[in-house]
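Not measured: the values here are computed from a predicted model.
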Amino acid sequence: MSAANSLMSEDQFLCSICLDVFTDPVTTPCGHNFCKNCITEHWNMNESCQCPMCKQVFKTKPELYVNTFISEMVAQFRQSAKQEVSSSSSEQQVSKPGEVPCDVCTGTKLKALKSCLVCLVSYCETHLEPHLTVLGLKRHQLIDPVENLEGRMCMKHNKPLELFCKTDHTCVCMLCTVLDHKTHDVVPLREEYDGKKAELRKTEDEIQQVIQKRRLKIEELKQSVKLSKEDDIKTAEELKQEISELLKRSTEVKQLSRSEDHLHFLQSFSPLKDIPTTKDWTELSVPPASYEGTVVRAVAQLEETLSKEMKKLIEAELKRVQQYAVDVTLDPDTAHPELILSDDGKQVNHGDVRKALPDNPERFSSCVSVLGKQSFSSGRFYFEVQVKGKTEWDFGVATESIKRKGLITLSPEEGYWTIWLRNGNEYRALDDLVVSLSLKSQPQKVGVFVDYAEGLVFFYDVDAAALIYSFTGCSFTEKLFPYFNPGLNDGGKNSTPLIISCVSHTK
């Protein structure tokens with residue numbers, strides 16, 4: 001039996017619907033196996049009884065019986081897996097740089113043994129034990145320890161992303177292919193990864209060839225030291241910028257081509273622009289080497305000028321949208337019971353005491369959130385929020401029909417267009433896919449502009465006159481309300497309130 005156990009792998013006992021080890025495995029007339037509850041729910045949600053694997057349609061719903069043989073094999077596999085995990089981790093180790101640490105350990109972090117795709121937490125041997133013994137946790141899917149677990153899960157179905165939809169160019173889970181991508185061209189991540197990696201290798205070779213040609217041309221042109229200085233300086237600047245851009249793109253290609261993380265690779269991949277063709281520089285020349293400093297200074301001055309002009313454009317745009325400023329106040333009937341609102345309805349922060357308030361349908365019950373009283377179903381509007389001194393927050397706009405009870409997912413699909421701050425310096429835009437934001441400075445005051453008809457939601461750093469993020473192509477069909485979440489008090493670290501400030505037009 002030990003030899004048989006060594007040949008068993010988890011893939012042999014996974015239900016293709018829930019992607020977990022079988023529970024009450026049943027066999028369909030076409031010979032495929034599923035969890036009894038999974039296949040029953042799948043048929044209840046669809047008009048016809050069709051096998052999710054081979055697509056065979058049954059005229060009447062088959063009567064399903066638990067396959068006792070597979071059920072016994074699953075039980076043996078689970079016992080074998082538990083013994084393997086226990087024996088392979090007899091001596092726990094402290095997490096080293098580059099290794100995934102246990103998220104539960106306090107003080108010294110031990111090396112994680114497994115990551116749970118349901119809890120989105122990595123565990124050492126000690127903290128993994130409940131997942132091997134507690135009945136409710138045994139169904140959780142465990143994988144080798146990895147970082148950034150949230151980015152590996154389907155936000156809609158809470159299942160691991162292990163497939164790639166070539167129709168929508170997105171990473172999807174197995175349930176996505178059954179419910180939302182039935183007719184799409186879907187392939188395993190590994191297959192798409194191999195194809196994209198081969199494409200990048202070809203692109204990298206082409207870029208290196210272009211770079212080599214440019215370098216040879218530079219060496220030839222440096223010999224022409226007696227030609228016109230004005231024309232040559234301009235030529236050198238153009239060539240220098242082109243080389244810099246090619247080297248940058250070459251570095252990006254090398255980083256991606258070395259990636260062995262299929263999911264990260266595909267989520268980061270975007271088609272490169274056409275490679276610039278080699279120009280005919282025969283009739284051109286560059287100044288002597290002594291002019292190189294002049295070229296560098298000219299490039300630096302150009303960058304500074306462009307930066308200043310860009311800031312002027314943003315300042316003008318911000319001044320324009322501020323003309324649509326509206327008076328926003330907080331609606332206490334929607335506020336979570338632990339929130340503290342100022343008397344004028346302009347400030348909100350989290351308190352440590354839950355007030356006895358009526359649980360009306362409009363009130364948020366789990367997330368410490370609150371809506372504005374004012375609603376908008378046409379035109380344009382703008383408001384500003386002071387965030388100075390805070391370590392955590394999220395706000396933006398939301399539709400009237402949003403979910404307000406239980407856990408909430410902030411995304412346009414759920415009716416939210418928001419940005420957030422976490423840990424004092426981590427900024428993200430909660431778009432269909434979460435976008436990390438790299439900001440030159442931490443905003444002290446953020447402006448929110450909405451164009452209902454055009455489907456636009458813009459976030460501005462008011463003091464720096466910079467655009468933080470823009471949601472475009474939105475389709476608004478119902479009332480929009482300003483949305484605010486000041487974050488938890490965190491022992492006083494985040495006690496500063498969010499403040500709806502009076503709009504002061506930029507100069």
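- The shortest non-hydrogen separation linking T329 to D344 is CG2-O, 4.0 Å.
- Between D394 and R428 no salt bridge is recorded (no basic side-chain N to carboxylate O distance below 4.0 Å).
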Q) Step by step, would you call D327 with K346 a salt bridge (charged side-chain N to carboxylate O under 4.0 Å, His left out)? A) CA-CA 10 Å; D327 184 21; K346 294 291 187 179; 2.4 Å; yes

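- Closest approach of S501 and Q386 over heavy atoms only: OG-N, 4.4 Å.
- Partners of F381 according to the ring-ring contact (aromatic ring centres under 6.0 Å, His included) rule, which considers only residues two or more places apart in sequence or in another chain, are F376.
- Scanning both residues, P101 and S122, for their nearest heavy atoms gives O-CB, 3.8 Å.
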Q: I would like to know whether N67 and K36 meet side chain to side chain donor-acceptor pair (under 3.5 Å); could you show each step before the answer?
A: CA-CA 10 Å; N67 189 318; K36 185 175 182 180; over 6 Å; no

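- Taking each heavy atom of P337 and L357 in turn, the nearest pair found is CA-CD1, 3.9 Å.
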Do any side-chain atoms of residues 456-468 form donor-acceptor pairs under 3.5 angstrom with protein atoms, and if so which ones, sequence neighbours left out?
| from | atom 1 | to | atom 2 | distance (Å) |
| --- | --- | --- | --- | --- |
| D461 | OD1 | D463 | N | 3.4 |
| D461 | OD1 | A464 | N | 3.2 |

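- H32 pairs by the ring-ring contact (aromatic ring centres under 6.0 Å, His included) definition with nothing, not counting sequence neighbours.
- For the atom pair OG (S375) and CG (L480), the distance works out to 9.0 Å, reported to the nearest 0.5 Å.
- Partner W417 forms a ring-ring contact (aromatic ring centres under 6.0 Å, His included) with one of F476, Y483, F395 and no other, that one being F476.
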Q: Evaluate side chain to side chain contact (heavy atoms under 4.5 Å, CB included) for V187 paired with K166, printing each intermediate quantity in order.
A: CA-CA 7 Å; V187 297; K166 301 179 75 171; 3.9 Å; yes

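- The backbone N or O of T68 lies less than 3.5 Å from no partner atom in the side chain of S71, so there is not a single donor-acceptor pair.
- Partners of Y382 according to the ring-ring contact (aromatic ring centres under 6.0 Å, His included) rule, which considers only residues two or more places apart in sequence or in another chain, do not exist here.
- A donor-acceptor contact shorter than 3.5 Å is absent between the side chain of H184 and the backbone of T167.
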Q: Start with the C-alpha distance between Y324 and Q322, add both sets of side-chain angles, then the distance that settles side chain to side chain donor-acceptor pair (under 3.5 Å), and finish with yes or no.
A: CA-CA 5 Å; Y324 301 98; Q322 284 176 334; over 6 Å; no

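- Heavy atoms only, all atoms of each residue included: P332 and K373 are closest at CD-CE, 3.9 Å.
- For S48 and N46, the side-chain atoms include no donor-acceptor pair closer than 3.5 Å.
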Cut-off 3.5 Å, no hydrogens considered: what does the side-chain donor-acceptor table look like for residues 442-452, sequence neighbours left out?
| from | atom 1 | to | atom 2 | distance (Å) |
| --- | --- | --- | --- | --- |
| Q442 | NE2 | G424 | O | 2.6 |
| Q444 | NE2 | Q442 | O | 3.1 |
| D451 | OD1 | A453 | N | 3.4 |
| D451 | OD1 | E454 | N | 3.1 |
| D451 | OD2 | R380 | NE | 2.9 |
| Y452 | OH | E478 | N | 3.1 |
| Y452 | OH | E478 | O | 2.8 |

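- Close placement of the Y469 and F471 rings is indicated, their centers lying within 6.0 Å of each other.
- Using a 4.5 Å cut-off on side-chain heavy atoms (C-beta onward), E384 and I500 make no contact.
- For residues 396-406, the set of pairs meeting the salt bridge (Lys or Arg N to Asp or Glu O under 4.0 Å) definition, not counting sequence neighbours, comprises D359-K405.
- Looking only at atom types and distance, the side chain of E426 has a donor-acceptor partner in the side chain of N423 under 3.5 Å away.
- Pairing each heavy atom of V435 with each of D431, the nearest pair is CG2-CB, 4.4 Å.
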